[in-house]
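Heads up, the thing below is written out as C-alpha cells.
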Amino acid sequence: MPYWLMKSEPDEFSIRDLKKMGHGRWDGVRNYQARNFMRQMQEGDQFFFYHSSCAEPGIAGIGRISRSAYPDPTALDPASPYHEAKARDDANPWSAVDVEFVDAFATPLKLALLKNEPALHELALVKKGSRLSVMPVSEDEWQAILAMR
DNA sequence: GCCAACGTTGGC
DNA sequence: GCCAACGTTGGC
C-alpha cells in the first residue's frame, strides 16, 4: 500500500479542520507532477498532512484517501480561487481526491527535524529547492517518520 | 516582508 | 525549441 505526503497551508485547510469535519476534498492542486501522483492514489492509502507557509512548517498528522482521483470541481467554478478559464466540463485537466481524518500529532514534526533525519534525505520534501506539494513516501520513510513522533 | 528557487508563459 | 520574463511557492 503506497504512502504519500501532501502539503496544505493551515490557514486554508489544516489537520484540525480535517479532524473537525472528519473528511474533506483535496483540491486546487495546479502542478502536473503533483497531479500525476494524486492520480496514482487509491482508496485506503494513507498520507502525511504537511503544514506549509506557516509559523511552524512540518508534518501535523495523518489522513487517508477515501476516494481516488476525479475531475477537480474548483477548476470549473468561476467563484473559486482555483478556477481555470481553460478548463471545460469534458476537458478538465485537474484532479481532486477525497480524504478522511486519521490522526493529529500532539506535536507536529517540524521541517528542521525532518531535514536532520538521514533516513529522509531522499524525500522530495527536504530536498533543496523542491516545491512539490504532493509526493510519494516509501515504506521505510513512512516508518522513520512515525518513529520520530 | 524578503527573496531564492522553481514552473509556466509566450515572443521569437 | 530556446530562453527571458513573470508569477508562485514556501522557508526564514
Between P of C/dG10 and CG of A/Asp11, the distance in whole Å: 14 Å

message: I need the CG-C1' distance between A/Leu111 and C/dT9, as an integer number of Å.
response: 13 Å

Nucleotide B/dG7, atom P - distance to CG of A/Asn36 in whole Å: 14 Å

- line: Separation of B/dC3 atom P from A/Lys128 atom NZ, nearest Å, is 16 Å

- line: The nucleotide from B/dT8, C/dG11, B/dG7 with an atom nearest the side chain of A/Tyr32 is B/dT8

Interatomic distance, A/Lys127 NZ vs B/dG7 P [rounded to whole Å]: 13 Å

task: Check the distance between C/dG7's P and A/Tyr82's OH and give it to me in whole angstrom.
output: 19 Å

message: Taking any heavy-atom pair under 4.0 Å as a contact, classify A/Lys110: base, sugar-phosphate, or nothing.
response: nothing

Step-by-step ring pair (Phe, Tyr, Trp, His ring centres under 6.0 Å) determination, A/Trp142 to A/Phe48: CA-CA 9 Å; A/Trp142 183 267; A/Phe48 285 123; 3.9 Å; yes

message: Check this one for me: any side-chain N or O of A/Lys7 less than 4.0 Å away from OP1 or OP2 of C/dG10?
response: yes

message: Whether the side chain of A/Ser130 engages the backbone of A/Ala124 through a donor-acceptor N/O pair (distance < 3.5 Å, no angle test) should be reported.
response: yes

Six-ring centre of A/Phe37, A/Arg35 cation under 6.0 angstrom, axis tolerance 45°: no

field: Distance, rounded to the nearest Å, where A/Ile59 contributes CD1 and C/dG10 contributes C1'
entry: 16 Å

Gap between atoms CG and P, on A/Leu132 and B/dT8 respectively (whole Å): 11 Å

- request: Determine, using ring centers only, whether A/Trp26 and A/Phe47 are less than 6.0 Å apart.
  value: yes

Below 4.0 Å: OP1/OP2 of C/dG11 and any side-chain N or O of A/Tyr50: yes

message: For C/dC12 and A/Lys115 - does any side-chain N or O of the residue sit under 4.0 Å from the phosphate oxygens OP1/OP2?
response: yes

task: Check for a donor-acceptor pair, side chain of A/Ser8 on one end and backbone N or O of A/Pro10 on the other, with a separation under 3.5 Å.
output: no

Nucleotide nearest A/Asn31 (side chain, heavy atoms from C-beta), chosen from C/dG11, C/dG10, B/dG7: B/dG7

